[in-house]
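Lettering of chains follows the sequences in order, A, B, ..., and the numbering in each one begins at 1.
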Number of protein chains: 2
Amino acid sequence: MSQQQQTSLRNRLLRVLGPNDFGLLAPAFEQVSLTLGHHLTEANQPLGHAYFIESGLISLLADTVRPGANRVEIGIVGFEGMVGLPIVLGTRRSPHVALVQAEGRALAIPAPVLDEALNSSRTLRGVLGRYAQSLIVQVGQTVCANADFNIEARLARWIVMTQDRLGRDDLPLTHEFLSLMLGVRRPGVTTATHMLEGAGMIRAQRGRITVLDRGKLLELAEGSYGGAEAEYERLLEEG
Amino acid sequence: MSQQQQTSLRNRLLRVLGPNDFGLLAPAFEQVSLTLGHHLTEANQPLGHAYFIESGLISLLADTVRPGANRVEIGIVGFEGMVGLPIVLGTRRSPHVALVQAEGRALAIPAPVLDEALNSSRTLRGVLGRYAQSLIVQVGQTVCANADFNIEARLARWIVMTQDRLGRDDLPLTHEFLSLMLGVRRPGVTTATHMLEGAGMIRAQRGRITVLDRGKLLELAEGSYGGAEAEYERLLEEG
DNA sequence: GTCATAGTGTACGAAATCGCACAGTATGTG
DNA sequence: CACATACTGTGCGATTTCGTACACTATGAC
């Protein structure tokens, strides 16, 4: 495909790369569409590519082996990140699934090319390594959120995180879907949604949630939001 | 200090290194004692050293900013791992705390030395990068465990994980402490302990839990244990 | 042996969440 | 327009876990 202009990209990892590092990757990029419901990576299957997200939203899910239990979301990725961290960390498999939750675009790069680029550039390793660190922080924050916060606060957290990554105020989310993301019952989401709507934080329509008052949402989410995001910003600047 | 013999070490990461990679690190190692309750790393403070654990047990804790809420455990590290992954990933700070939970020993290495060694050896990057991946999997599994399993199953999981890392059957654990680790009330741990004891899985004494029937514990923990551990073994072999 | 202290056992109402079932309502398709 | 389908709203008892309080008991220090 035709080569990408670095400055025309939205992916923040790619934008922060030096021209040399970008040049290592750019020739191999292939633009791909992210279709709703598609699995970008499968659990325990070889990862052929890494994906730098340009737009849309990806959920990282972990399987619980427990019969009857659904997959649980451990993290989300948007244009600030990438899917395929295991490649960066030296392996080609992972027990996680990357699910497209909101459609968008990404730049795909073959695993061997990324691997080679990482081995030839210390600074590239720095940027992607720090992104891995920020993901660890994000997952850790999810542990905290699930341990200490009720459904409403977690819903608020999730909405704000999604808004960040989609860069829009209207988010295409069904209750069914949110229940999966938060690991709760579907009616529990309905109730929590009403609460947020009653408080003027959001407007809920069929299959869509619109953010009305981000400040109030943040207030409700208290400490469960923010740490990972601040860490991400800090890490990106370190580059 | 005197140089370490690679084969006399217990740390599994160090043992799996090639002699050249080990040689990069060995001259800088300093043996340190891990004292109960000591913080090996502090949240958001510069990490001066990484620690390859020889014995004992370390908990990785994340602060919830929420007032009144306690720290929550997101992962544990024993002789299979290391503390100070952020250094491997290209930064010197992290919002997590590494708390010594059972005393032991570790080999400390100054961050700049580790950094330099990583930059000069692709294989070393491979081993420690894959360890980072295994930690991500472990934290993800914690998310699942907290979402889908009751206190008893989570207690069983935690006991088995601790047994793995201490290499003993008698574990120095108070209910108070376990309640912190599992993110539940202290009396909840007492009740769960009784259940496991009644089922012949453990013997509980003041400040100590002895594993009697690991098989039954695993059965109770169901899918919440095993995935991360299998992934660790797989990743170590890939080296 | 006495004593302070850390650790453990138990109780009980309150709250959150669950599991399930079913009714209602947008939305798009033919 | 009719209809199937997906999504949302609601109810209710069951269950888990919480918050809190208090009593009891090993254990080690003196």
Side-chain angles (χ1 to χ4, degrees), chain A residues 36-37 64 66-70 72 101-102 143-159 170-198 202-210 220-222 224, chain B residues 36-37 64 66-70 72 101-102 143-159 170-198 202-210 220-222 224:
Chain A
L36 195 61
T64 45
R66 181 196 196 145
N70 259 318
V72 176
Q101 240 187 71
V143 175
C144 293
N146 291 348
D148 283 350
F149 292 83
N150 63 18
I151 298 184
E152 280 134 30
R154 275 146 66 195
L155 178 59
R157 167 177 183 254
W158 206 92
I159 289 172
D170 61 309
L171 316 173
L173 305 168
T174 66
H175 294 185
E176 179 74 41
F177 195 81
L178 285 166
S179 77
L180 221 158
M181 295 305 105
L182 300 176
V184 298
R185 283 174 324 140
R186 201 271 309 153
V189 173
T190 303
T191 311
T193 302
H194 292 164
M195 196 279 208
L196 301 201
E197 192 166 25
I202 60 171
R203 170 142 182 258
Q205 291 159 289
R206 184 191 179 80
R208 162 181 308 188
I209 285 179
T210 309
L220 179 58
E222 264 183 290
S224 67
Chain B
L36 195 62
T64 45
R66 179 194 197 148
N70 258 317
V72 176
Q101 238 186 70
V143 176
C144 293
N146 291 349
D148 283 350
F149 292 83
N150 63 19
I151 298 184
E152 279 134 31
R154 275 147 66 197
L155 177 59
R157 167 178 183 255
W158 207 91
I159 289 171
D170 61 309
L171 316 173
L173 305 168
T174 66
H175 295 184
E176 179 73 41
F177 195 81
L178 284 166
S179 77
L180 222 158
M181 295 304 105
L182 300 175
V184 298
R185 284 175 323 140
R186 202 270 308 154
V189 173
T190 303
T191 312
T193 302
H194 291 165
M195 197 279 209
L196 302 202
E197 191 166 24
I202 60 171
R203 170 143 181 256
Q205 292 158 288
R206 185 191 176 81
R208 161 182 307 188
I209 285 179
T210 309
L220 178 58
E222 265 184 289
S224 68

Given atom CG of A:L180 and atom C1' of D:dC7, what is their separation to the nearest angstrom? 15 Å
Expressed in angstrom and rounded to an integer, what is the separation of A:E197 atom CD from D:dG9 atom C1'? 12 Å
Quick one: B:D148 CG to C:dT17 C1', roughly how many Å, whole number? 13 Å
d(B:H175 NE2, B:T191 OG1) to nearest 0.5 Å is 9.5 Å
What's the shortest heavy-atom distance between B:A153 and B:N150, and which atoms? N-OD1, 3.0 Å
Between D:dC7 (P) and A:I209 (CD1): distance, integer Å: 13 Å
Per nearest nucleotide of DNA chain D, the residue lying toward the 5' end, A:T193 or B:R186, is A:T193
From B:E176 CD over to B:L178 CG, what is the distance, rounded to the nearest 0.5 angstrom? 10.0 Å
Look for any protein N or O under 3.5 Å of an N or O in nucleotides 12-18 of chain D and output each such pair with its distance, or none.
unit_1, atom_1, unit_2, atom_2, d
D:dT17, OP1, B:I151, N, 3.3
D:dC18, OP2, B:R185, N, 3.4

A:M195 CE - C:dT17 P separation (whole Å): 11 Å
Taking only side-chain nitrogens and oxygens of A:H194, does any of them come within less than 4.0 Å of OP1 or OP2 of D:dT10? yes
Which atom pair, heavy atoms only, marks the closest approach of B:L155 to B:V189? CD2-O, 4.5 Å
What is the distance, rounded to the nearest whole Å, between atom CG of A:L182 and atom C1' of C:dC18? 15 Å
Taking all heavy atoms of B:C144 and all of B:F149, pick out the closest pair and write down the distance. O-CD1, 3.9 Å
Nearest heavy atoms of B:L220 and B:A156, plus distance in Å: CD2-CB, 3.8 Å
Does anything in residues 171-178 of chain A reach DNA chain D, meaning a heavy atom under 4.0 Å, and if so which residues? A:T174, A:H175
For A:R154 versus A:A145, what's the shortest heavy-atom pair and its separation? CD-O, 3.4 Å
Looking only at non-hydrogen atoms, find the nearest pair between B:I151 and B:G188 and report the distance. CG2-O, 4.1 Å
How does each nucleotide of nucleotides 25-30 of chain C score, in 5' to 3' order, for protein heavy atoms under 4.0 Å: base (B), sugar-phosphate only (S), or none (-)? BBS---
Less than 4.5 Å apart, any side-chain heavy atom of A:T190 and any of A:R186? yes
Could you measure the distance from the OG1 atom of B:T174 to the CZ atom of B:R206? Nearest 0.5 Å is fine. 10.0 Å
Would you compute the distance between atom CD1 of A:I209 and atom CD1 of A:I202 and round it to the nearest 0.5 angstrom? 4.5 Å
